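The shown structure was predicted, so the numbers you read here are calculated from the model rather than taken from an experiment.
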Amino acid sequence: MKLSRTPQTPPDAEIYADLVETLFDTTHTLVTGILSGVLVPVIAWLSTGNAHYFLLVVILSLAGLYRLRVLWAHQRTPIRNRRADAGAWERRYAAGAIVSMTLLGVCVAILFNFHHGEMISYYGVIIMTGVVGNLASRNAARPNIVFWQVMGACMPLAALLLVNFPPWYWGVSAFLFFGALSVFRTTEFLHGHLESALRNGADAMRQRRKFSIALNSMTHGLCMGDSTLTISVMNRRIVEFFGIVAAATPIRLEALAHAIGRSGGMADDEATRFAANWTEHAAMSRANAFTYQIGARFFDFHCERAVDGAFITVVEDVTEKENARREIERIAHFDELTGLPNRYQFQQTLAEDLERLKREGLQAALLAIDLDRFKEVNDTLGHVIGDQLLTQVGERLGLCAPAPNLVARLGGDEYCVLIRAAPGAPETAAMAERVLAELRRPFFLEGHRVTVGASIGVAVAPADADTPSALLKCSDLALYDAKARARGGVASYVPQMQEAMAKRREIEEDLRQAVARDELLIHYQPIVDSRRGAIVAMEALLRWRHPQRGLVSPAVFIPVAEDSGLIIEIGAWVLRRACIDARDWPAHVRVAVNLAPLQFQQPDLLALIEVALRETGLPSDRLELEITESAFLSHSADLEAKLSGIAALGVRLALDDFGTGYSSLSYLNRFPVNKVKIDRAFSLQANESAKTQAIIGAISTLARDLGLDLVAEGVETHAQLSLMASRNIFLIQGYLYSKPRPIEELAPYLDNWADAPRLENVA
């Protein structure tokens with residue numbers, strides 16, 4: 001049988017190394033075997049005095065010393081190196097063991113051959129068989145070594161008996177042979193059990209190692225314990241999560257929770273609450289989970305009971321998930337730009353406050369705030385400056401209405417202030433005035449000085465409404481009223497506003513139907529050269545004849561059309577209709593059509609004008625487009641481009657209502673204006689106010705120097721006509737000549753207006 005590191009069915013390297021290690025584990029039996037082997041030649045030498053036996057003593061002693069040296073070297077070598085070089089250590093061990101047993105067998109055979117009738121030979125046989133009997137237990141790890149040891153010890157004597165002794169000695173040879181075979185079989189049996197035990201242990205170790213690797217490689221923390229809530233398994237992630245010192249298990253769950261709490265900076269009472277919370281959930285019979293903030297991080301604790309009441313807790317770091325959830329919630333409830341509560345959050349809070357008001361019998365006021373001229377800032381300075389303005393507005397409102405009041409941004413340039421538990425109207429009014437004063441103050445944004453202002457609508461709960469939507473509606477109605485009357489003011493809700501809004505909606509719906517049913521019509525008002533009494537232009541003025549209401553005042557339906565956006569469709573219709581009518585007028589009579597500010601937001605405005613002229617055949621220089629000063633407020637490049645495009649078409653531009661509102665002389669220099677129309681308010685006050693007369697004179701001089709036509713609107717008396725003439729204003733529009741009329745009534749006067757008032761006829 002071949003001595004080899006690897007048997008026919010090789011165990012893996014770990015098992016093999018374990019088997020080799022067992023050869024060196026039974027130090028006492030090894031030393032006993034060495035001494036027993038040396039004892040045989042010692043007895044023979046002492047009994048006979050034969051020098052040959054002394055030589056055997058020396059040789060066996062040298063073999064024993066070699067085996068002891070190998071044992072000593074093995075023990076001094078680090079176990080990692082021994083296991084890595086297990087084959088070499090097996091060969092060293094085998095060499096000493098086989099040589100020693102073979103020398104012992106030769107020595108016993110010599111003794112029996114020369115002294116078989118003496119006691120010393122029996123000592124030798126007994127010692128040899130005893131040593132051989134121990135081989136199975138001592139070297140069971142490597143049966144191949146035992147085989148050669150048994151052969152070396154037993155076969156010399158067995159062979160001697162077969163060769164030199166009578167047949168009745170052969171039985172002893174047979175005994176030795178079968179004894180050797182029995183020892184070898186026993187060795188193989190023990191080896192099988194030893195290898196199986198080692199393999200099972202290695203498998204268990206590998207499983208434990210895999211379990212440990214898996215346990216410590218988890219992204220989640222894990223701890224397991226028994227029914228008494230004593231932890232027996234805890235992975236590395238628990239230690240990493242909470243920055244605690246790795247505790248030796250077993251450890252009580254409560255103690256671990258306290259350690260985590262202290263490491264997370266919890267106060268003692270908070271750590272106690274955390275420990276109680278965890279132990280309570282871990283003791284539950286059903287699976288459950290809870291989330292806890294420890295330090296700056298959030299953790300989910302998933303607790304579950306296992307067999308025999310054991311518990312398992314899986315800990316997950318959900319900080320990112322929790323922060324994302326909170327961020328989503330913040331975005332859902334708070335305005336991204338200003339950080340103020342948004343409409344959704346405000347309505348939720350308002351609902352809670354209104355419930356509290358009902359219970360406690362208190363009242364609150366809601367201020368709806370809308371910035372004035374915010375669109376101008378966006379259009380002229382850009383959205384970045386506009387966003388900065390909105391942010392600073394939010395900050396100022398927060399200073400005006402500190403906690404417990406609530407400031408929110410509902411969207412765009414709309415804000416709300418909830419004055420909580422307001423004791424009465426004076427406090428609400430004072431708050432509104434503070435807000436107006438703050439928002440009138442200039443804002444300084446990236447080197448720009450921006451002034452806006454605001455309008456405020458006020459509603460009181462529960463007097464005006466007791467639900468969030470109704471209260472917001474009331475404040476919106478009040479805000480609408482404040483803006484309609486004069487920007488920069490405050491209006492408080494009254495029930496009549498609801499009726500007015502309902503009427504306005506009814507008008508809007510009827511107006512939509514009127515557009516669809518072609519109920520709109522145009523009246524014209526002449527613009528007359530007072531020196532000649534001749535009509536030089538006619539302004540197209542929209543009228544609406546309602547089937548039930550009759551003629552509806554433009555002051556009623558025009559604002560509705562502008563607010564609803566219907567003015568776009570209506571304005572296009574008026575432009576085309578006026579061009580069609582003017583086509584049949586004398587060549588010296590122009591038609592003037594008003595353009596609403598909203599129409600300038602149309603991207604296709606120029607195309608619309610060009611198509612109207614082309615399809616109606618009206619020469620472009622006979623069309624005048626009247627623009628109010630409010631249309632210039634955006635100062636946008638788009639507006640300039642459109643006005644330049646209109647001028648390029650040959651269409652004349654007139655600045656309507658000059659002298660009121662946001663008048664700016666820069667408009668006359670910047671934009672291609674051909675005509676200026678003095679607002680009717682100056683005509684009405686001209687004869688009673690020296691200041692008004694001075695303003696009229698200044699405008700007249702300015703128009704003359706700039707080469708602009710100048711029209712006086714609203715002239716109703718001969719005295720007013722004379723005053724205008726004294727200021728060199730001869731183009732007159734007003735009731736003195738004619739109120740707005742259908743074209744059929746004015747057509748006869750277009751060529752010659754014989755009875756028109758003339759300056760020479762004015763008294």
Side-chain angles (χ1 to χ4, degrees), residues 3 20-77 82 85 88-116 118-161 176 179-180 183-184 187:
L3 178 62
V20 173
E21 283 293 310
T22 62
L23 297 175
F24 297 91
D25 285 346
T26 54
T27 304
H28 62 285
T29 59
L30 177 62
V31 174
T32 301
I34 292 171
L35 294 176
S36 298
V38 174
L39 184 61
V40 173
V42 168
I43 293 173
W45 175 58
L46 292 175
S47 300
T48 63
N50 191 325
H52 293 92
Y53 290 121
F54 180 74
L55 180 61
L56 288 173
V57 170
V58 173
I59 294 172
L60 275 167
S61 297
L62 291 174
L65 289 174
Y66 169 78
R67 297 187 71 187
L68 290 174
R69 182 178 178 280
V70 170
L71 177 63
W72 179 76
H74 180 272
Q75 291 176 342
R76 287 177 58 85
T77 302
R82 298 198 315 248
D85 203 17
W89 287 108
E90 180 188 0
R91 288 190 292 273
R92 294 178 192 126
Y93 181 90
I98 294 170
V99 168
S100 294
M101 292 306 295
T102 301
L103 289 172
L104 177 60
V106 170
C107 183
V108 171
I110 293 172
L111 277 174
F112 197 86
N113 186 59
F114 294 106
H115 306 283
H116 58 273
E118 300 176 24
M119 181 60 69
I120 57 173
S121 66
Y122 298 117
Y123 271 114
V125 172
I126 291 170
I127 290 172
M128 180 197 69
T129 55
V131 172
V132 168
N134 287 330
L135 292 178
S137 60
R138 189 170 72 240
N139 295 334
R142 306 308 295 148
N144 51 350
I145 296 177
V146 174
F147 174 81
W148 292 111
Q149 283 183 299
V150 172
M151 291 295 102
C154 296
M155 289 307 102
L157 180 58
L160 175 70
L161 293 175
L176 291 172
V183 170
F184 181 68
T187 301

Rounded distance (nearest 0.5 Å) linking atom [atom1] of [X] with atom [atom2] of [Y]:
{"X": "I98", "Y": "F147", "atom1": "CD1", "atom2": "CZ", "answer": "10.0 Å"}
{"X": "R82", "Y": "R76", "atom1": "CZ", "atom2": "CZ", "answer": "12.5 Å"}
{"X": "L60", "Y": "L39", "atom1": "CG", "atom2": "CG", "answer": "10.5 Å"}
{"X": "L71", "Y": "R69", "atom1": "CG", "atom2": "CZ", "answer": "12.0 Å"}
{"X": "H52", "Y": "C107", "atom1": "NE2", "atom2": "SG", "answer": "12.5 Å"}

### Query
Is there a side-chain contact between L56 and I110, using heavy atoms and a 4.5 Å cut-off?
yes
### Message
I want to check something: taking the side chain as every heavy atom from C-beta on, are R67 and Y93 in contact at a cut-off of under 4.5 Å?
### Response
yes
### Message
To check you understand the geometry: which heavy-atom pair defines the closest contact between S100 and G64, and what is its length?
### Response
OG-N, 4.4 Å
### R92 to W89, cation-pi by 6.0 Å centre distance and 45° axis angle
yes
### Task
Look at atom OH of Y66 and say whether more than 12 heavy atoms of other residues, nucleotides or ligands are closer to it than 6.0 Å.
yes
